[in-house]
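Numbers for residues simply follow the sequence, beginning at 1.
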Amino acid sequence: MSDAPFLPLFPQLTPVLSNVTALDFETTGVSGGKGRVIEIAALKSANGQLTGRFQTLVKLKGELPAKITQLTGITPQDLANGMEERAAFVILKEFIGDSVVVAHNAPFDLGFLYSTYRRLKLGPVQHPFLDTLSVCRLRQPSPRSLPDMCKAYGIPLSRWHRALPDATATWHLLHRLHEESSLEDMRNKLVLNPKYGTPFWLPPLAELLPYKDSSSFSQDTSSPTEQP
């Protein structure tokens, strides 16, 4: 497998929704440097049409915190039947390819993604990304969690804190947001919650956008991101 970064030849000329992968992880913590991914879901699409899906539980070395089982319903027995971590992330990296990674709070998922790439020595890569949470911070009042945004945009969410329902909801949210107003200028853009300050880590390619009405952040309940 080549170690060359996956990047479109002329990303600024490629329509943002022409090649996207909606990604969601369930994890053992809030930081990719300390936690591990225990569930992956990724939906790939081209021009609004789903073209592929990758979903798996991931085997975990060590104990699964009880609070994670309470939050997700995932048990140690479930993970015992999961895919080996290296195999899962090799498949995921190939699955994403040169697509735009879409996530709700992209720095969180990308933090785990890049930390795992590095730890498993899977080679350097810089995925272009689109953060639906940042778009919602520009358009919607707080709170802006995925369930709140699903309610605001009329998107079914069968269960929160499981990778496939969350990735599916994020994919639908992406298209609702694009229908509302074009997302062409939101690739690799982040709007941070100033309540938490600037994270120690930001995704490669990230460009910070200012948010002038800082009062709207006062009750934003989205979690801060930690350095992976």
Side-chain angles (χ1 to χ4, degrees), residues 15-28 30 32 35-58 68-75 78-79 81-83 88-89 91-113 116 127-137 139-140 143-183 186-187 203 221-223 225:
V16 69
L17 297 192
S18 65
N19 183 15
V20 302
T21 298
L23 178 66
D24 189 81
F25 291 142
E26 296 306 322
T27 69
T28 62
V30 297
R36 294 290 184 269
V37 172
I38 58 173
E39 188 176 35
I40 300 169
L43 302 177
K44 197 166 187 177
S45 67
N47 302 311
Q49 299 298 314
L50 287 172
T51 60
R53 184 178 81 177
F54 175 55
Q55 175 195 13
T56 187
L57 292 166
V58 182
I68 300 301
T69 297
Q70 294 171 1
L71 184 69
T72 66
I74 297 171
T75 67
D78 294 329
L79 298 183
N81 296 316
M83 187 177 293
F89 276 86
I91 293 171
L92 179 61
K93 186 177 179 183
E94 292 287 349
F95 184 85
I96 294 172
D98 63 355
S99 63
V100 175
V101 174
V102 178
H104 197 72
N105 194 10
F108 175 86
D109 295 283
L110 291 176
F112 275 91
L113 183 66
T116 309
H127 296 298
F129 69 89
L130 195 148
D131 179 31
T132 54
L133 175 58
S134 287
V135 179
C136 292
R137 281 177 170 161
R139 300 184 184 181
Q140 290 289 336
R144 305 176 184 91
S145 69
L146 185 58
D148 289 312
M149 293 302 94
C150 286
K151 182 176 181 180
Y153 286 94
I155 299 167
L157 179 59
S158 59
R159 181 173 183 176
W160 193 22
H161 290 308
R162 286 304 300 260
L164 185 58
D166 286 357
T168 302
T170 299
W171 186 85
H172 285 292
L173 177 60
L174 170 75
H175 289 83
R176 294 287 197 280
L177 292 170
H178 190 64
E179 290 167 3
E180 182 180 67
S181 181
S182 174
L183 297 176
M186 287 302 296
R187 184 169 14 209
T221 58
S222 301
S223 300
T225 1

Do any pairs count as a side chain to side chain donor-acceptor pair (under 3.5 Å) and have a residue in residues 42-51, sequence neighbours left out, and if so which ones?
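Listed once each, the pairs are S45-W171.
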Is any side-chain heavy atom of M149 closer than 4.5 Å to one of L177?
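With C-beta onward as the side chain, the pair stays apart.
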Quick check: do L92 and L23 have side-chain heavy atoms less than 4.5 Å from each other?
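Heavy-atom side-chain distance check passes, below 4.5 Å.
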Partners meeting side-chain contact (heavy atoms from CB on, under 4.5 Å) with [X] (sequence neighbours left out):
X: H178; answer: L17, S182, L183, E184
X: I91; answer: F54, M83
X: A41; answer: A163, L164, A167
X: T69; answer: L64, T75, P76

Take H172 and Y153 through the test side-chain contact (heavy atoms from CB on, under 4.5 Å) and record every step on the way to the result.
CA-CA 9 Å; H172 285 292; Y153 286 94; over 6 Å; no
Could you pull out all residues at least two apart from [X] that satisfy side chain to side chain donor-acceptor pair (under 3.5 Å)?
X: Q55; result: none
X: R159; result: none
X: R36; result: none
X: D131; result: S134

Could you tell me which residues satisfy salt bridge (Lys or Arg N to Asp or Glu O under 4.0 Å) with E179, sequence neighbours excluded, listed by chain and number?
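Scan of E179 (salt bridge (Lys or Arg N to Asp or Glu O under 4.0 Å), adjacent residues dropped) gives none.
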Sequence-distant partners of R53, salt bridge (Lys or Arg N to Asp or Glu O under 4.0 Å), two or more places apart
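Once residues adjacent in sequence are excluded, R53 has no partner under the salt bridge (Lys or Arg N to Asp or Glu O under 4.0 Å) criterion.
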